[in-house]
Amino acid sequence: MLSINFIRENIEFVKERLLIKNFDAEKILSDIIKVDKKRRETQKELDDNLSKANSLAREIGDLFKAGEKEEAEKAKEKTSQLKSQNKDLQKELESLKKEQENLLIQLPNIPHKLVPAGKSEENNEIVYEADIACETAGKAMPHWELATKYDIIDFDLGSKITGSGFPLYKGKGAILQRALIKFFLDKAMEAGYTEYLVPLMVNKDSAFGTGQLPDKDGQMYHIVADNLFAIPTSEVPLTNIFRDVILKEEELPVKCTAYSTCFRREAGSHGKDVRGLNRLHQFDKVEIVQIVKPEESYKVLDEMVDYVKSLLSFFKMPFRISRLCGGDLGFAAAMTYDFEVFSPAQNKWLEISSVSNFESFQANRMKLRYKNDKGANTFAHTLNGSALALPRLIAALMENYQSEKGIIIPEFLIPYTGFEIID
RNA sequence: GGAGAGAUGGCAGAGUGGUCGAUUGCGGCGGUCUUGAAAACCGUUGAGGUGUAACAGCCUCCGGGGGUUCGAAUCCCUCUCUCUCCGCCA
């Protein structure tokens, strides 16, 4: 959420920058300014009235104490009009605040200067491509066939037990999954991240804090009986640890990581790229989150990109990094880098990680602040990234590492899997 | 699920209708003293809004929401959470 003070002072700038995200903010901004003005006027009026009421109450108290009962009773009568007036003002203020909030949360975050304009992923800017050749492009066996051939992932059983998009991993498939999780968590720890094991369901406040609500309402599984949401990523519980928190400056940067299962309804995307592990309702992911000082957030974004790059480099598979254009950028992000790994069987790039700087957008929503060196409370900047999401990585790994003998486990992973080949 | 107790400032912990935004202790910050440090002493120390050139001023906040009253941290209702006991259970 953008802060009202910032908007008030930079309307034209906000309007202009949001066009990069293909968001026409003209109407909503003028509404916000109008409501804001009204809100402040009402606030002032109410405050003045309350001030009067307070001093009257004090006087009445003094009169009672002095034993002047009659005078006191007389003074009481004066308050009734003030009271009813204040009640109305209070109601009005309340509804103005709500109105303002409703408008504010509709505004997406402002994209960073470097974000290219553009409508869709075609306009994303590729900033890095690993220099790794892929000889089997178009000739490799797809991972869903390999899965069956070696009996390590059972999509049909998943469907039987739950439904499509809930695969069941078996034997070496399950172990590979566990090995990767452990590998990624170990690396995150080496890089200074503190590991958490988080709740997989969150309440409304948390879902709102990171921006899942109300923007992506239909994308989360909702447990109605208890009004809880299954997390679409551990970013939600991780970042919400710091909801309504004022950190000390020396506590920054906060670096945390969590492995979790993630749940996504993927409503509206049925039938598109859903084969095999490409798009699932349930999957596993290791996430990294940082909370930093505003002036450092872009340096940290680069660091996080380098970190994810270093992870992917272990696998020696073709991958590339792109900076998302305005049209492809998420609601809450100011800048995002996507990582894609190459699937030789499908002959296409699979998105495997997404690293974003949200600047103060999430922090403002969840009132995440720190005390700066001048003692002033300041919104921190939040960043997060996948490091990494497993299914597509496993898909790419299976396809890239297939051989006549079986799927060869990359050497660095063998200590984690305990086996060298899936056959 | 049943019965009871509780939720106050960074922490501990007073406060049961009228200068209480809140006694006090610890912690933090500033100072005096000291060659330096400790101790001691003095001062200071929450958040949000409004407002100001900047101060000041004013308003709100004692778990959340609602109510009673001229006036509520204090009384009433309700929700959430924590603790103790009982039941059930991985």
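Since the structure is predicted, the reported quantities are computational estimates derived from the model, not experimental observations. Naming: A, B, ... by sequence-line order, numbering from 1 per chain.
Between the side chains of A/Ser3 and A/Asn364, no donor-acceptor pair of N or O atoms lies under 3.5 Å.
Here, B/rC83 and B/rG18 have their P atoms 34 Å apart, quoted to the whole Å. Straight-line distance between the P atoms of B/rG9 and B/rU23: roughly 13 Å, to the nearest whole Å. Taking the C1' atoms as reference points, B/rC33 lies 9 Å from B/rA40, given to the whole Å. Look at the P atom in both B/rG63 and B/rG13: the space between them is 15 Å, to the nearest Å. Rounded to a whole angstrom, the distance from the P atom of B/rA56 to that of B/rG46 is 13 Å. With both ends at atom P, the span from B/rA22 to B/rG27 equals 23 Å, rounded to whole Å. Using P as the reference atom, B/rG2 and B/rC88 are 15 Å apart when rounded to the nearest Å. Using atom P as the reference point in both B/rG15 and B/rG71, the two lie 26 Å apart (nearest Å).
We find that CD of A/Glu45 is positioned 16 Å from C1' of B/rG49, with the value rounded to whole Å. In this structure, NZ of A/Lys97 is placed 14 Å from P of B/rG48, rounded to the nearest angstrom. Rounded to whole Å, the distance from CD1 on A/Ile4 to C1' on B/rG48 is 15 Å. Between the CD atom of A/Gln100 and the C1' atom of B/rG48 there is a distance of 14 Å, rounded to whole Å. Whole-Å rounding puts the A/Leu50 CG to B/rG49 C1' distance at 12 Å. Atom CD of A/Gln90 and atom P of B/rG49 are 18 Å apart (whole Å). In this structure, A/Lys248 atom NZ and B/rU45 atom P are separated by 19 Å, rounded to whole Å. Computed from coordinates, the A/Asn227 CG to B/rU80 C1' distance equals 13 Å when rounded to whole Å.
Side chain of A/Asn240 to main chain of A/Ser206: a donor-acceptor pair is present (N/O by atom type, distance under 3.5 Å, no hydrogens or angles).
Between A/Lys160 and A/Asp156 no salt bridge is recorded (no basic side-chain N to carboxylate O distance below 4.0 Å). Salt bridge absent: A/Glu70 and A/Lys74 never bring a charged side-chain N and a carboxylate O closer than 4.0 Å. In this structure, A/Arg323 pairs ionically with A/Glu125, as a charged nitrogen and a carboxylate oxygen lie closer than 4.0 Å. Residues A/Asp48 and A/Lys44 are paired through a salt bridge, judged by an N-O separation under 4.0 Å between the basic side chain and the carboxylate.
Here the side chains of A/Asn384 and A/Glu235 are in contact, with some heavy-atom distance below 4.5 Å.
In summary, the aromatic rings of A/Phe229 and A/Phe263 are positioned with their centroids too far apart to meet the 6.0 Å limit. Aromatic ring centres of A/Tyr298 and A/His112: separated by under 6.0 Å. The ring of A/Phe412 has its center closer than 6.0 angstrom to the ring center of A/Phe183.
From A/Asp338, atom CG reaches atom CD of A/Glu351 across 4.0 Å, with rounding to the nearest 0.5 Å.
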All N/O pairs under 3.5 Å across the protein-nucleotides 50-52 of chain B interface:
| unit_1 | atom_1 | unit_2 | atom_2 | d |
| --- | --- | --- | --- | --- |
| B/rU50 | OP1 | A/Arg39 | NH2 | 2.8 |

Check: protein-nucleotides 21-23 of chain B nitrogen or oxygen pairs below 3.5 Å:
none

Review item, nucleotides 67-73 of chain B N/O atoms under 3.5 Å of protein N/O:
| unit_1 | atom_1 | unit_2 | atom_2 | d |
| --- | --- | --- | --- | --- |
| B/rG71 | OP2 | A/Lys83 | NZ | 3.4 |

Identify the pairs formed between an N or O of the protein and an N or O of nucleotides 74-79 of chain B at a distance under 3.5 Å, and give each distance.
none

**Request:** Would you check, one step at a time, whether the test side chain to side chain contact (heavy atoms under 4.5 Å, CB included) holds for A/Leu301 with A/Tyr337?
**Result:** CA-CA 9 Å; A/Leu301 179 65; A/Tyr337 289 96; 3.7 Å; yes
**Message:** Using the rule given for side chain to side chain contact (heavy atoms under 4.5 Å, CB included), can you reason through A/Lys21 versus A/Leu329, listing the C-alpha separation, both sets of side-chain angles and the distance that settles it, and then say yes or no?
**Reply:** CA-CA 7 Å; A/Lys21 272 195 173 175; A/Leu329 202 55; 3.5 Å; yes
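Remark: A/Phe379 engages no residue in a ring-ring contact (aromatic ring centres under 6.0 Å, His included) (not counting sequence neighbours). Remark: A/Phe358 pairs with no residue by the ring-ring contact (aromatic ring centres under 6.0 Å, His included) rule, at least two apart or across chains. In terms of the side chain to side chain contact (heavy atoms under 4.5 Å, CB included) criterion, residue partners of A/Glu295 (sequence neighbours excluded) are, by chain and number, A/Lys293, A/Tyr370. Taking the side chain to side chain contact (heavy atoms under 4.5 Å, CB included) definition, one finds that A/Lys76 meets it with A/Ile60, A/Phe64, A/Glu73, sequence neighbours left out.
Looking at heavy-atom distances under 4.0 Å, A/Asn54 makes contact with sugar-phosphate atoms alone, never a base. Heavy atoms of A/Asn377 sit under 4.0 angstrom from primed sugar atoms or phosphate atoms, though from no base atom.
Shown for residues 359-372 of chain A: residues whose heavy atoms fall under 4.0 angstrom of RNA chain B, namely A/Arg369, A/Lys371.
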**Request:** Return one dot-bracket line describing RNA chain B 5' to 3' (Watson-Crick or G-U wobble pairs, both distances under 3.5 Å; ( ) same strand, [ ] crossing, | another strand, . none).
**Result:** ((((((((.[[[..)..(.....]]]((((((.......))))))(((((......))))).[[[[[..)....]]]]])))))))....
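Pairs of residues two or more places apart, or lying in two chains, that qualify as side-chain hydrogen bond (donor to acceptor under 3.5 Å, both in side chains) and include a residue from residues 97-110 of chain A are A/Asp36-A/Gln100, A/Arg39-A/Gln100. Among residue pairs with one or both ends in residues 4-46 of chain A, none qualify as ring-ring contact (aromatic ring centres under 6.0 Å, His included); sequence neighbours excluded.
No more than 12 heavy-atom neighbours from other residues, nucleotides or ligands sit within 6.0 angstrom of NZ on A/Lys170.
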